[in-house]
Visitor: 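Have a look at this one.
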Amino acid sequence: MNGAPPVAVIGAGMAGLACAQLLAEAGCRVDIFEKSRGPSGRMSTRRAQDPQGAWQCDHGAPSFAAQDPEFVQEVRQWEQHGVVAAWRPRAVRLQGTDVVPAEAGPDRWVGVPRMTSPAAFLVQRLAQQGHGARLHLQATVQQLQYESACWTVHCAEHGQIGSEYCALVLAVPAPQAAALLEPVSPYAAALAASARMQPCWVAMLRTDAPLPLDWDAAEITDGPLCWVARDSAKPGRQGPQVPQGPQTWVLHASARWSQDHIESDAESVARQLLQVFEALAGPLPGSLTGSLPGGLRVTAHRWRYALPAPHLVNRCWWDAPAGLGLCGDWMCGAGVEGAWLSGRALARRALATLTR
């Protein structure tokens, strides 16, 4: 390789980080742009403080499976470094008033001590690469330019960052990629626009005492909620592990309900989902509904682009002449594994061009 080809990666979720890692290992100089305060994308954790102490709740991807042999090997490395652990919750399916044991599936994994830990580990590993990688946080990419076979990136907060890049990777939800690409690559924009992503409202709550439920996770077949879990039952969590102490729970609304309430405010959504959960779990300790406005013991987050429905089947997309690529779970399969595989697939295709 002549020199260190400069590559820009937009998005520091699992797809972007997996792509950047392989590019950096091959000798590329990688700049990663992330609009949030930290990496991880939808492997996200909300942390809060109230009079009873600090608490956290994974409000993005609740867990993930590992079935592809290459991803299994990667997850085993994460396990060896203590940033993931297997989670085997007591799982059920709620069908109306019936509680049915959930069918056994593949092992589920969670980040330790929170879901953001694998992303933080990948960022640390990237920093140790020979050519290194720079992570630009709170850098909202607003405009892309392509001139003389070079890409430039302009951010809302800082203007143009970096110099010129011989390749550009977009590892963001499909609708966001489509908007950025429309002025510079109509074909890529149309491809991204063809993907459909479903929203998801998520409510997080902290109870003063354990709930009288003999399960840790439940799939729900009817109503506004589709999935709920005792987040504090995950391995490596601190604080809410005391048998008679507080617990944290996460409530996922269905895609249909989330779409119907897509523009609702977070406080209203939190109240509504809490009422549905109370119908399942009974009255909640600590009169949570009364502490909603300012206590941060109940809060909600909207994922406008949560899950692909369905995903495309190409794993990734790469335009070699333009040095432009797309990756993400919307191209390879929902979840952490799909995002990681997509990012790696794109890196390999890009390197076949960049290393000629």
Side-chain angles (χ1 to χ4, degrees), residues 40-46 56-66 86-111 114-115 197-207 211-235 237 240 247-262 264 266 269-282 284 288 298-311 329 333-339:
S40 73
R42 282 165 283 161
M43 294 179 70
S44 190
T45 303
R46 176 73 60 87
Q56 69 175 39
C57 196
D58 297 329
H59 65 294
S63 64
F64 61 92
W87 184 39
R88 300 177 180 88
R90 298 171 295 170
V92 299
R93 179 180 294 108
L94 304 182
Q95 299 174 327
T97 59
D98 296 331
V99 180
V100 181
E103 298 179 3
D107 281 349
R108 307 299 298 182
W109 296 87
V110 297
R114 58 190 64 92
M115 283 300 289
M197 301 196 73
Q198 297 178 331
C200 182
W201 269 109
V202 179
M204 299 148 272
L205 61 128
R206 179 185 189 270
T207 64
L211 302 187
L213 297 173
D214 58 1
W215 45 264
D216 298 315
E219 178 186 351
I220 305 170
T221 58
D222 303 301
L225 291 173
C226 66
W227 193 84
V228 301
R230 193 189 325 255
D231 194 79
S232 51
K234 294 178 179 178
R237 272 52 181 172
Q247 295 180 340
T248 53
W249 287 79
V250 60
L251 322 175
H252 285 220
S254 69
R256 180 174 180 177
W257 191 93
S258 297
Q259 185 61 57
D260 289 343
H261 296 79
I262 193 67
S264 298
V269 167
R271 286 186 181 277
Q272 293 180 69
L273 295 182
L274 189 62
Q275 290 174 355
V276 177
F277 184 58
E278 283 187 303
L280 299 173
L284 300 177
L288 278 172
V298 182
T299 187
H301 180 86
R302 178 186 62 193
W303 295 102
R304 189 179 289 273
Y305 309 118
L307 295 170
H311 64 84
D329 64 348
V336 176
E337 181 173 41

Visitor: Would you list the pairs meeting ring pair (Phe, Tyr, Trp, His ring centres under 6.0 Å) in which at least one residue belongs to residues 211-230, sequence neighbours left out?
Guide: Trp215-Trp249, Trp227-His252

Visitor: For Glu219, which residues count as a side chain to side chain donor-acceptor pair (under 3.5 Å) partner, sequence neighbours excluded?
Guide: none

Visitor: With Arg256, which residues qualify under salt bridge (Lys or Arg N to Asp or Glu O under 4.0 Å), at least two apart?
Guide: none

Visitor: Closest heavy-atom contact between Trp257 and Pro224?
Guide: CD1-CB, 3.4 Å

Visitor: Kindly indicate whether the side chain of Ile262, heavy atoms from C-beta on, has any atom under 4.5 Å from the side chain of Arg302.
Guide: yes

Visitor: Does any part of the side chain of Leu211, heavy atoms only, come nearer than 4.5 Å to the side chain of Phe277, both counted from C-beta?
Guide: yes

Visitor: Can you list everything that forms a side chain to side chain donor-acceptor pair (under 3.5 Å) with Arg93? Sequence neighbours excluded, please.
Guide: none

Visitor: Just by modelled atom types, is the Thr45 backbone N or O under 3.5 Å from a matching donor or acceptor in the Gln56 side chain?
Guide: no

Visitor: Can you tell if the side chain of Arg46 reaches within under 4.5 Å of the side chain of Val202, non-hydrogen atoms only?
Guide: no

Visitor: Working to the nearest 0.5 angstrom, can you tell me the gap between Leu94 CG and Leu225 CG?
Guide: 10.0 Å

Visitor: Please name all residues satisfying salt bridge (Lys or Arg N to Asp or Glu O under 4.0 Å) with Arg108, sequence neighbours left out, ordered by chain then number.
Guide: none

Visitor: Asp107: what forms a side chain to side chain donor-acceptor pair (under 3.5 Å) with it, not counting sequence neighbours?
Guide: Arg88

Visitor: Any idea which heavy atoms bring Val100 and Gln95 closest together, and the distance?
Guide: CG2-OE1, 3.5 Å

Visitor: Locate the shortest heavy-atom distance separating Ser258 from Ala253; write the atom from each residue and the value.
Guide: OG-CB, 3.5 Å

Visitor: Could you check whether any side-chain N or O of Lys234 sits under 3.5 Å from a backbone N or O of Met115, counting only pairs where one atom can act as donor and the other as acceptor?
Guide: no

Visitor: Do His59 and Thr299 touch side chain to side chain, with heavy atoms closer than 4.5 Å?
Guide: no

Visitor: With respect to Met43, which candidate in Asp58, Val110, Val336 satisfies the side chain to side chain contact (heavy atoms under 4.5 Å, CB included) definition?
Guide: Val336

Visitor: Do Asp329 and Met197 touch side chain to side chain, with heavy atoms closer than 4.5 Å?
Guide: yes

